[in-house]
Every structure is written in C-alpha cells, then in structure tokens.
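Here the structure comes first, spelled out in structure tokens, and everything after it is commentary.
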Amino acid sequence: MFNGIRKPLKTAVFISGGGSTLQALLEMQHQLEISLVISNNKNALGLLKAKRFGKNTLFFDFKNNSFDELNDLLVQQGIQKIILAGFMKIIPKNFVDNWQDRIFNIHPSLLPEYPGLRSAERSWEDKNIMGVSIHKVIPEMDQGKIILQNKALVNSDRFSFSESMFFLRRTEQHLLREFSLRWGL
Ligand code: GRF
C-alpha cells in the first residue's frame with residue numbers, strides 16, 4: 001500500500017566556513033536527509049554545527065585527494081543529492097557532470113546579476129537590489145537553472161552593509177527552508 005510519503009534523498013552538504021546556510025538545512029531535518037557534511041576547511045565552524053545535529057562530518061583534504069576520490073566516496077555512501085552551502089572551491093566539470101540535476105548551490109545575489117565572489121558586497125556597493133538565488137550547478141560558475149530566487153532588500157542605500165546582510169541572511173534561511181520543502185524529496 002502506497003503510504004503517500006516519499007523517502008527524502010540522501011543528501012551531502014559541502015561547506016567551507018561558518019555554516020550559516022548549513023544551519024537552515026540542518027533545522028529542516030524532517031524534509032531533508034543530510035547524511036554527510038563535507039568541508040575543505042578542517043576548522044570550518046559549520047562542521048561543529050553539523051556535529052551538534054548528530055550529522056556525519058568529513059574534512060576532505062583536497063590538497064592530497066581528488067574530486068574523483070570524493071565522487072567515489074559519495075557513491076559508496078549512497079548519496080543522491082549535493083547542496084553547496086558556502087563552499088568556496090571550484091568544482092571540476094567531470095564531477096559536476098556526474099551529479100547533473102542533483103547538485104544545487106545558494107548564491108547571495110539575484111543571478112544572473114553579480115555571479116562569482118563578493119556578490120552581496122557588490123550589489124550593496126552599487127546600491128542595487130540585493131537578493132538570494134538557489135540554482136542547479138553546471139560547469140559554468142553560477143549559471144545553472146535558477147530554482148528559487150528572492151529579493152532581500154530593495155533599497156540597500158538606506159542601510160549599512162551589515163544591516164543589509166541581516167536582511168540577506170534572513171532571506172537565505174527562508175529560501176533554504178522552501179527549497180527543503182519542495183526539493184528535499
Ligand atoms: C552565503 O552567503 C551563501 O549564499 C554563500 O555562502 C554564504 C554562506 O557561508 N554561498 P557560510 O554558510 O556562512 O559559510
């Protein structure tokens with residue numbers, strides 16, 4: 001008998017730093033099955049946050065290991081989906097191709113505006129509309145199909161950068177919750 005509940009996909013989250021976006025995903029543990037949190041930075045605070053939620057964590061040393069080896073590890077662990085949450089490394093084309101349509105990124109601007117680094121800073125400096133995008137990852141950085149997008153602040157000229165980032169972080173958290181609900185399965 002079909003019980004109407006689909007099992008969430010086993011998800012790996014890649015981080016590099018504080019884990020502010022990871023936190024939102026961890027709190028959605030009934031919609032997302034986060035099986036592994038991987039960081040290229042062994043001191044990433046996000047690893048502590050993941051441990052506090054009882055998640056498996058892994059510092060992956062990219063200096064001595066390759067993305068191919070990471071791919072094999074993920075397959076071995078039965079991972080079905082990847083979310084990049086503040087992951088600051090460029091991912092090689094063959095890895096992205098292996099995970100086509102199953103790897104997602106959250107980016108702190110209204111893509112296609114402000115791809116790349118310092119996106120929130122540049123949109124604030126330009127007194128432009130600030131926002132957040134969740135998109136599928138393809139080999140070309142920040143150019144995959146946009147899944148969800150939301151404005152964080154329309155008139156950033158009225159707020160300091162840190163005040164603006166308060167609104168942007170809040171929008172990120174909201175968008176990640178919506179993503180987990182709609183795309184967690
Ligand atoms: C967020 O701005 C997110 O949009 C971008 O990285 C930042 C999160 O970093 N991809 P962290 O989670 O605080 O390390």
Side-chain angles (χ1 to χ4, degrees), residues 11-29 32 34 36-53 55-62 67 81-91 95-96 99 102-126 128-153 156 159-184:
T11 301
V13 181
F14 291 13
I15 64 168
S16 297
S20 64
T21 39
L22 169 68
Q23 180 77 27
L25 297 170
L26 291 168
E27 287 164 5
M28 295 299 287
Q29 48 194 334
L32 271 182
I34 298 177
L36 184 59
V37 175
I38 292 174
S39 174
N40 62 307
N41 164 14
K42 63 177 177 301
N43 301 315
L45 192 59
L47 290 174
L48 288 181
K49 289 181 180 172
K51 284 180 182 139
R52 237 178 261 141
F53 276 79
K55 298 300 178 184
N56 294 323
T57 61
L58 172 69
F59 158 60
F60 194 84
D61 176 5
F62 286 92
F67 269 95
K81 187 168 86 169
I82 298 170
I83 302 175
L84 308 179
F87 187 61
M88 303 309 279
K89 278 191 78 64
I90 302 292
I91 302 179
F95 184 96
V96 174
W99 294 88
R102 300 185 295 153
I103 180 169
F104 302 84
N105 182 43
I106 180 162
H107 180 85
S109 76
L110 295 174
L111 291 171
E113 299 292 320
Y114 303 104
L117 298 174
R118 295 189 68 255
S119 313
E121 291 85 340
R122 287 182 289 138
S123 54
W124 180 78
E125 285 159 4
D126 293 350
N128 212 330
I129 298 176
M130 297 177 78
V132 181
S133 307
I134 294 180
H135 64 93
K136 286 188 178 177
V137 175
I138 61 173
E140 295 74 24
M141 186 169 67
D142 297 335
Q143 294 179 42
K145 181 177 183 296
I146 291 171
I147 303 285
L148 289 169
Q149 199 168 60
N150 217 339
K151 289 182 185 132
L153 199 57
S156 53
F159 299 100
S160 69
F161 178 65
S162 57
E163 288 164 335
S164 300
M165 284 307 287
F166 169 80
F167 293 107
L168 188 124
R169 289 274 186 250
R170 192 175 58 177
T171 304
E172 281 183 334
Q173 307 284 312
H174 163 74
L175 220 53
L176 284 161
R177 280 192 285 275
E178 189 179 343
F179 175 76
S180 304
L181 286 167
R182 289 170 52 181
W183 291 77

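Indexing begins at 1, ligand by ligand and atom by atom, following the structure's order.
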Test of proximity, G18 against ligand 1: N or O pairs below 3.5 Å
yes

Quick check against the 3.5 Å criterion: does S119 have a side-chain atom that pairs as donor or acceptor with the backbone of Y114?
yes

Are any of the heavy atoms in Q23 under 4.0 Å away from ligand 1?
no

Does any N or O in the side chain of N41 come within less than 3.5 Å of the main-chain N or O of G17, such that one atom is a donor and the other an acceptor?
no

Side chain W124, main chain S162, donor-acceptor under 3.5 Å
no

Enumerated ligand 1 atoms positioned under 4.0 Å from heavy atoms of E172:
1 (C), 2 (O), 3 (C), 4 (O)

From atom 11 (P) of ligand 1, work out which of A120, G17, G19 has a heavy atom at the shortest distance.
G19

Looking at ligand 1, does any of its N/O atoms fall within less than 3.5 Å of an N/O of S20?
yes

Below 4.0 Å from ligand 1: does a non-hydrogen atom of I106 turn up there or not?
yes

Reference residue S133; test side chain to side chain donor-acceptor pair (under 3.5 Å); the match among Q149, E172, H107:
Q149

Atom 7 (C) of ligand 1 [closest protein heavy-atom partner, distance rounded to 0.1 Å]
R169 NH1, 4.0 Å

How far is atom 9 (O) of ligand 1 from its nearest protein heavy atom, and which residue and atom name does that atom have?
G86 CA, 3.8 Å

Testing the basics here: between I15 and A44, what is the closest heavy-atom pair and its distance to 0.1 Å?
CD1-CB, 4.2 Å

Are any non-hydrogen side-chain atoms of I91 and L84 less than 4.5 angstrom apart?
yes

